[in-house]
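See below for the structure under consideration.
Note that the structure is predicted; figures quoted are calculated from it, not measured. Just follow the structure's listing: the first ligand is 1, and inside any ligand the first atom is 1. Position 1 is the first residue of the sequence; numbering continues from there.
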Amino acid sequence: MKDFIAVMDSGVGGISVLIPMHRLMPDENFLFYGDSANAPYGTKSTDMVRSRVLELVADFLDEGAKAIAIACNTATSAAVKDLREIYPEVPIVGIEPALKPAVTEHEGGRILVMATPMTIREEKFKNLLSRYGGDCEVIPLPCPGLMEYVEGGKADTDEVEAFLRELLSPYLSGGLDAVVLGCTHYPFIRKRLQRVIGSDVEIYDGSLGTAKELRRRISDAGLLRPSGAGEGTICFRNSDKSEEKQKLSEELFYSHREHCH
Ligand code: DGL
């Protein structure tokens with residue numbers, strides 16, 4: 001592959017970020033890498049995830065990637081600071097929970113942030129909270145076990161809905177104004193989540209903002225492919241080499257293009 005952007009996640013979740021990236025930059029070539037064989041990241045130690053992400057990014061750059069997108073909130077909180085220090089010349093973007101727009105649009109509201117245990121315990125999230133928490137009641141909710149439904153191809157099932165109902169029941173009675181999806185797997189369960197929280201509760205995710213940031217960084221570096229350079233390509237690669245994982249990746253990408261940002 002030549003002239004490509006490497007987009008990575010702990011698994012197939014980052015495809016929810018790849019979708020708006022591809023929509024904004026259809027001429028670019030994308031390598032999507034899911035590390036499903038080592039997922040979940042969110043319940044592992046920060047050091048373990050950091051060294052795995054550093055290893056993968058070194059491989060992408062060796063292969064010739066011109067930019068890196070960490071389409072995983074967990075991996076971003078563990079490794080993006082180190083990556084930027086090691087490769088100051090490479091455009092590198094990460095993703096973080098979209099707390100800012102949720103807080104801005106729901107002043108004084110009650111906002112639930114769903115993310116992995118690691119994302120919530122890391123410094124990056126604490127900084128985000130103190131910066132944007134404002135006068136809202138922000139409730140961070142670690143959701144171990146949730147990403148597995150997406151990895152298992154069960155994002156749109158009664159099973160995941162029952163899981164969500166139980167997980168969220170303590171927060172529903174007090175009323176919620178917004179839910180922030182702080183993990184890139186969760187946009188794929190959005191439909192079921194909306195049923196559980198009710199249609200009037202707004203859901204936020206950071207995928208579109210991250211895609212815009214990537215385009216800006218690549219453009220500033222003079223690395224955008226000229227438009228009309230030809231339809232870009234998308235390659236799905238995964239550390240889980242099974243045929244099911246490959247199929248699931250393509251299915252998530254092609255069948256969610258209308259629903260995701
Ligand atoms: N998709 C990842 C994120 O955005 C997390 C899933 C995992 O635990 O590996 O945080």
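Within the structure, the closest approach of Ala39 to ligand 1 does not fall below 4.0 Å when heavy atoms are considered. At least one heavy atom of Gly42 lies less than 4.0 angstrom from ligand 1.
When only non-hydrogen protein atoms are considered, atom 10 (O) of ligand 1 lies nearest to Thr74 OG1, 2.6 Å. Closest to atom 2 (C) of ligand 1, if we only count protein heavy atoms, is Cys72 SG, 3.2 Å. Looking at atom 1 (N) of ligand 1, its nearest protein heavy atom turns out to be His185 ND1, 2.8 Å.
A donor-acceptor pair under 3.5 Å is formed between the side chain of Asp135 and the backbone N or O of Gly108. Between the side chain of Asn238 and the backbone N or O of Ser36, at least one donor-acceptor pair lies under 3.5 Å.
Contacts between Asp9 and ligand 1, counted as non-hydrogen atom pairs separated by less than 4.0 Å, involve the side chain only. Heavy atoms of Thr116 found under 4.0 angstrom from ligand 1 belong exclusively to the side chain.
Set against the non-hydrogen atoms of Tyr41, the atoms of ligand 1 under 4.0 Å away are 7 (C), 8 (O), 9 (O). Using a 4.0 Å cut-off to heavy atoms of Asn73, the atoms of ligand 1 that qualify are 3 (C), 4 (O), 10 (O). The contact set between ligand 1 and Ser10, taken as ligand atoms under 4.0 Å from a residue heavy atom, comprises 1 (N), 2 (C), 5 (C), 6 (C), 7 (C), 9 (O).
Comment: Arg165 engages Glu161 in a salt bridge, judged by a side-chain N to carboxylate O separation of less than 4.0 angstrom.
Atoms CE and SG, on Met147 and Cys72 in that order, are 8.0 Å from each other to the nearest 0.5 Å. Note that CD1 of Ile15 is 10.0 Å distant from CD of Glu251, once rounded to the nearest 0.5 Å.
Under the 4.5 Å side-chain heavy-atom criterion for Ile, Leu, Val, Met, Phe, Trp and Tyr, Met48 and Val80 are members of distinct hydrophobic clusters.
Between Phe253 and His22, the distance from one ring center to the other falls under 6.0 angstrom.
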